[in-house]
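Structure, as structure tokens:
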Amino acid sequence: MDGLLVKLRKAYPDKYAELKHAYEFAAAAHDGQKRSSGEDYFIHPCAVVEILADYGFDSSTLIAAFLHDVLEDTSVTPEQLAAEFGGEILELVEGVTKLDKLQFTNREEAQAENFRKFFMAVAKDLRVIIIKLADRLHNMRSLEYLPPEKQQYIARETLDIYAPLAGRLGISFFKCELEDLAMMYIYPDEYKYITECISKKRGERQQLIDGMMKQIRAKMKEMGVKGEVNGRPKHIYSVYKKMHQLHIDVDQIYDLLAVRIIVDTVKDCYTMLGEVHTEWKPIPGRFKDYIAMPKANNYQSLHTTVVADGETFEIQIRTHEMHRIAEYGIAAHWKYKEGTTGVDTDLDSKVRWLREVMDAEKDVGGAREFMDAIKINVFDDEVFVFTPKGDVYDLPVGSTPVDLAYKIHSEIGNKCVGAKVNRKMVPLSTRLQTGDIVEILTQSGKGPSLDWLKFVRTSGARARIRQYFKKEQREENVRRGKEMLEREARRRGYNLAALMQVDALGAILQRMSVTGEEDLYANVGFGGLGTNQVLTKLIDTFRKQNPEEHLEIVSDGSGHEVGRERSKSGVLINGNANFTVRMAHCCTPVPGDAIVGYVSRGRGVSVHRADCPNVKSMEPERLIDAVWDTGADSSFNATLYITAENSGNMLASITAYIAAAKMPITGANVRVDPREHLADITIGVMIKNTEDLEDLVRKIKSIQGVLDVRR
């Protein structure tokens, strides 16, 4: 570890005192702690710092890397850390600490709320994720000391979450090693096979590549082009992916080694491309110009594949600056910036995909939809399309002309009435392909269609469409929402005006994230809030504030109010309280759910949730209107289905939350899958309304190791 201090003194002479202070502070905080390997724990933060120092990150990043585990694993407090190192370092360390607490499984099963927190932390300061990536890289390098099940979990999380994110940020030196290390544990047989094959074949092709590089260097010297030429082996996981994508064996992959040409200017890039194509025959369809059309992470290079002596080889051509961005990605904006105040002014444009997702975060429909937006922006490939003026736009695969219209400008999207692709009129739902020339046709006075939400691909377009309808049709939404609430309140036996007079109205509106009555009506009319969701809260509050009233307020249609007995079953059927009612076991509806009745032969009316899959197959003529008519003390049975890691205290942790919520448990069942190390837990609880149930679900989801909770 003394060698690290020597390296830091040489690389950061002006900041060495601060770095040494962080080194000594972290060493004292971690004193006595051990890693799974038996080594001193302090070796880990030093290794993370060395990874970052080797790539020239700023001193603040390195100081935070020394300290990244002290808040989580030692007695050091945030106040102490701020006093010693300042607010900037504290924010970085707290950001990494929060990421350490998030648990992911895979892209499909990742907890959406965790992803939201994850990307909010990343968006606040990108150095947080850079430290986390270095932390993960060192942990992967020492994964051999952990139990097999832990190795699998961490390797899968790395391959599904952290490696793609490193790629999306353009940090290839993190991405490639993370992928290869993860593959060693997830696909050990395939890793060994590919490694051995490459080792055997490399000697056969190296001679040809050496000759190719010698010819290129000679041609550069002859033409007066300055630069360098080197060979670049493909990393193991990229070979594995190509084998699976093309359904071929490793022997059929000929570009295992590529030639990279690095020159001074863009003009030299295209000059050398012409020389390469003159010397060797290019393969049609394998040329990609990422200089004219950079990737979203700002990657630029020319890629071409040529045939030499009967075999194919990939050649990449780029400038020195492009190579720096290709290797370091967004991290290049901190590299060699010591002593400056902040990062490059155009940094924001380099991560506009992240900015767009975070801008849309407040407009998407919830955590799950936010998760979908993240998947599109992080994990999906891109297409590049042109406008008639020659402007280039990158979009996720599957995007439509409407997505492009909103990418250009929100007003272009709102006024879009049609599109031409390659000079031909096409439906707005057409999926765009790389190279398409797309002309957006607009017309003043027109607005978007709600049907567009069915096919747009980008979160930005979806958010702008919703914003339009919320803003442009507010008056209509207010009127419609109020009518919907009044109608539903009457069906339940209440007067909406009386319900809106409850003392806690302000608190209720705040919990639903609306600013007043008009905003509430608008949200209901737009579909942002459900009538059941609103009225359940209002009615519960009204009953608590009027416990002496045994009769409910009902409008007789003429403005007069009359009384009626409350239904004993808790449900009104066609406005009548005297039906024999039972709750369907297939969906176990509870107050707050939209419900519907089904007249069963000889057994009265069974009540289902309106979204119950079984309702779709029922005879329509036997479906009947049903609304809740519950008292404050009414309880209903709800069933929760939980998927969690099979840890020893999982069931105890879950039941502890249920006990704290004072909800009686009506039944429990646990089924374990030893192969997946997972447990499927079914628990029945007595609840009063959906609000209490949703609160319980949120709490159970927060338990470490819980992967999914559903009704």
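If you're wondering where the values come from, they're calculated on a predicted model, not measured in any experiment.
Using a 4.0 Å cut-off between a side-chain N of Lys or Arg and a carboxylate O of Asp or Glu, D40 and R35 do not qualify as a salt bridge. Between D54 and K7 a salt bridge is recorded (basic side-chain N to carboxylate O distance below 4.0 Å). Look at D403 and R457 and you find no salt bridge, because none of the NZ, NE, NH1 or NH2 atoms lies under 4.0 Å from a carboxylate O. A salt bridge links E177 with R141: at least one charged nitrogen is closer than 4.0 Å to a carboxylate oxygen.
Atom CG of L178 is separated from atom CE of M183 by 14.5 Å, given to the nearest 0.5 angstrom. The line from NZ of K175 to CG of D180 is 9.5 Å long, rounded to the nearest 0.5 Å. Summarising the geometry, atom CD belonging to E196 is positioned 5.5 Å from atom NZ belonging to K192; distances are rounded to the nearest 0.5 Å. Between atom CG of residue L137 and atom CD1 of residue I51 there is a gap of 4.5 Å, rounded to the nearest 0.5 Å. To the nearest 0.5 Å, atoms CG (L52) and CD (E50) are separated by 10.5 Å. Rounded to the nearest 0.5 Å, atoms CG (L395) and CG (D436) are 10.5 Å apart.
Using the six-membered ring where Trp is involved, H30 and Y41 have ring planes that are tilted, between 30° and 60° apart.
E279 has its side chain out of reach of V306: every pair of non-hydrogen atoms, C-beta onward, lies at least 4.5 Å apart. Side-chain contact between L8 and Y23 is absent, with no heavy-atom pair separated by less than 4.5 Å. Side-chain contact between E314 and Q316: present, with at least one pair of heavy atoms (C-beta onward) separated by less than 4.5 Å. Side-chain contact check for K407 versus Y393: some heavy-atom pair is nearer than 4.5 Å. The closest side-chain heavy-atom distance from I291 to R318 is not below 4.5 Å. Under the 4.5 Å side-chain criterion, counting only non-hydrogen atoms from C-beta, I642 is in contact with I700. Residues M184 and I236 have side chains not in contact (no heavy-atom distance under 4.5 Å, counting atoms from C-beta outward). Using a 4.5 Å heavy-atom threshold, the side chains of I703 and Y657 count as touching.
Counting only distance, with no hydrogens or angles, the side chain of T195 and the backbone of Y191 share a donor-acceptor pair below 3.5 Å.
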Open item on the list: For a salt bridge (charged side-chain N to carboxylate O under 4.0 Å, His left out) check, start with the C-alpha distance between R136 and E157, then their side-chain angles and the critical distance, and finish with the verdict.
Closed with: CA-CA 10 Å; R136 177 52 61 105; E157 181 183 75; 2.5 Å; yes
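For H303, the ring pair (Phe, Tyr, Trp, His ring centres under 6.0 Å) partners are Y290, Y299, not counting sequence neighbours.
When ring centroids are compared, Y193 and Y187 stay outside the 6.0 Å threshold.
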